[in-house]
Amino acid sequence: MSDDSRAGAAPPPAATVFALIAVLCAIYVVSQFLRNSVGVIAPNLSDELGLAPQELGVLSSTFFLAFAAAQIPLGVAIDRYGPKRCMLASVGIAVIGCLLFAWSDSLIGLTVARALMGLGCSSFFMGPLTIYTRWFHARQFSTLTGVQLGVGTIGTLFATAPLAWSTGLYGWRATFVFVAVGAAFVGLLVAAIARDAPPGSRSETHRPASLRESFAGLSEVIRVPGFWQLFAIHFVGYAAFVTVLGLWGGPFVTDVLGYDLNQRGNILLVLAAAQIVGLFAWGPTDRLYGYRRLPVSIGALSTAAVLLVLCVFGDRGGATIYTIFIVLGFVAGFVPVQTGHGRALFDKRLVGRGITFLNLATIGGVFVLQAVTGVIIGAFPPIELATGEIGRPFAAYQAAFAFLALSVIVAWVFYRTAPDPKVDTD
């Protein structure tokens, strides 16, 4: 339980805790699916609507721009009104975004839909993390973050082979109608099961901060020692991986290796599954080492190294590309420890705004990296592929993946000087 909110209260039943975690993970499944759903269907969108790489980059990254733009006001709202209310207020926006995406037949319509999806999903990670800080001890935070990310990333799995299967059978438009219905159902589960604080927790007696006071607290957040070092690694640590999984992985294996819809769905499924294993494996490493900076450094530098290997050997196909994607997914799973390091910087009063501000870096980084890599790939002239279709050469993807690797290395150089509080294992 949280350090002081349940003093003297009996622990809630295990079934209550399980149901809470399950429903919070379920709402995150929706977010993970929507953020990564362009990768598999990108060639379909390109063929049907004539979208260039730059336009695909903008379309996919708009989700993350809207998501990031919501993070600061979301952090204030979470601290003031509670995470459950924020999640319930935003789930309807996500449903509308899904339906608009299914209906749109232009880049503008699809982009607006992606923005609504991003706004709607903006609370589905920070809301649960804030609830975890109120229900559980701080030492359990990285592990719970790993569970949240690991289970939630089932949504990423759905955005690979299952999305390819559904697209082939029903079309991508009908598929997003199904997703809208599913998201609405999960929202009802959150309304019925989730609670901001555990039963019997001590009531808050202080006056809620005004909006002006809440926003003023953001200046305190950015002055916390180590904040900007953590901001740097948050900006690229997750973004580099999801730029491959959620956007360019599908077009890459199609253009360079000649993979069809089902094949690219399968290889992205392997990539996402490897990340899920990695998320669960990396989550407890902060308690294993007693500190967080070392496992984050290992994960970040390993991610950069595998991206460089992808640049060199990514055109080999077969077992080689599957092996590279499996290793990339696993080593990129260090995000829970990175998030735990950020959470450790803030006291309870600022934790909602603090971790939300860092999540702004995480999601904003995806927007920037996806948009920039779209420009990089689009700068290479299209070529005729062996299949007779038009695509981009391997050199275009090499340049994009090398840029991602360099971004991670530069961010780590800043991050390596961050304060590293010892993990409380008592």
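Legend: residues meeting side chain to side chain contact (heavy atoms under 4.5 Å, CB included) with V95, ordered by chain and number and at least two apart, are L99, A180, A183, A184.
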Q. Side chain to side chain donor-acceptor pair (under 3.5 Å) between Q148 and Y132: does it pass, once the steps are laid out?
A. CA-CA 10 Å; Q148 181 74 16; Y132 292 150; 2.7 Å; yes
Q | Criterion side chain to side chain contact (heavy atoms under 4.5 Å, CB included) on F227 and L358, from CA distance to verdict | A | CA-CA 8 Å; F227 171 81; L358 288 177; 3.7 Å; yes
(Q) Please evaluate residues T243 and T373 with respect to the criterion side chain to side chain donor-acceptor pair (under 3.5 Å), reporting the C-alpha separation (whole Å), side-chain torsions for both, the decisive distance (0.1 Å), and the verdict. (A) CA-CA 8 Å; T243 297; T373 50; 5.3 Å; no
Q: Take Q275 and F241 through the side chain to side chain contact (heavy atoms under 4.5 Å, CB included) test and state the conclusion after the steps.
A: CA-CA 9 Å; Q275 192 207 22; F241 170 76; 3.3 Å; yes
Q.
For V224 and F346: C-alpha separation, side-chain torsions, deciding distance, then whether side chain to side chain contact (heavy atoms under 4.5 Å, CB included) applies.
A. CA-CA 8 Å; V224 170; F346 307 107; 4.0 Å; yes
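When all heavy atoms of G97 and A113 are compared, the pair lying nearest together is O-CB, 3.5 Å. L74 approaches C86 most closely through the heavy-atom pair CD1-CB, 4.0 Å. Shown here for C121 and F63, the closest heavy-atom pair between the two residues is CB-CZ, 3.9 Å. Counting all heavy atoms, side chain and backbone alike, L51 lies closest to L59 at CD1-CD2, 4.1 Å. Among all heavy-atom pairs drawn from N266 and A161, the shortest one is OD1-CB, 3.6 Å.
Screening residues 393-410 for side chain to side chain donor-acceptor pair (under 3.5 Å), with sequence neighbours left out, gives D255-Y397.
Side-chain contact between H341 and P421: present, with at least one pair of heavy atoms (C-beta onward) separated by less than 4.5 Å. By the 4.5 Å heavy-atom criterion applied to side chains, L107 and L49 are not counted as neighbours. Looking at heavy atoms from C-beta onward, T303 lies in side-chain contact with L307 at the 4.5 angstrom threshold.
Here the OG1-CZ distance, from T323 to R316, works out to 12.5 Å after rounding to the nearest 0.5 Å. Atom CG of D315 is separated from atom CG of L257 by 7.5 Å, given to the nearest 0.5 angstrom.
Judged by the 6.0 Å distance and 45° axis criteria, R293 is not positioned over the aromatic ring of Y415.
Here the rule is ring-ring contact (aromatic ring centres under 6.0 Å, His included) with F401, and of W248, F325, F252 only F252 fits it.
Side-chain rings of Y170 and F178 approach one another, their centers coming within less than 6.0 Å. Here F176 and W103 keep their ring centres 6.0 angstrom or further from each other.
In summary, the side chains of S31 and R35 do present a donor paired with an acceptor at a separation below 3.5 Å, with no hydrogens or angles considered.
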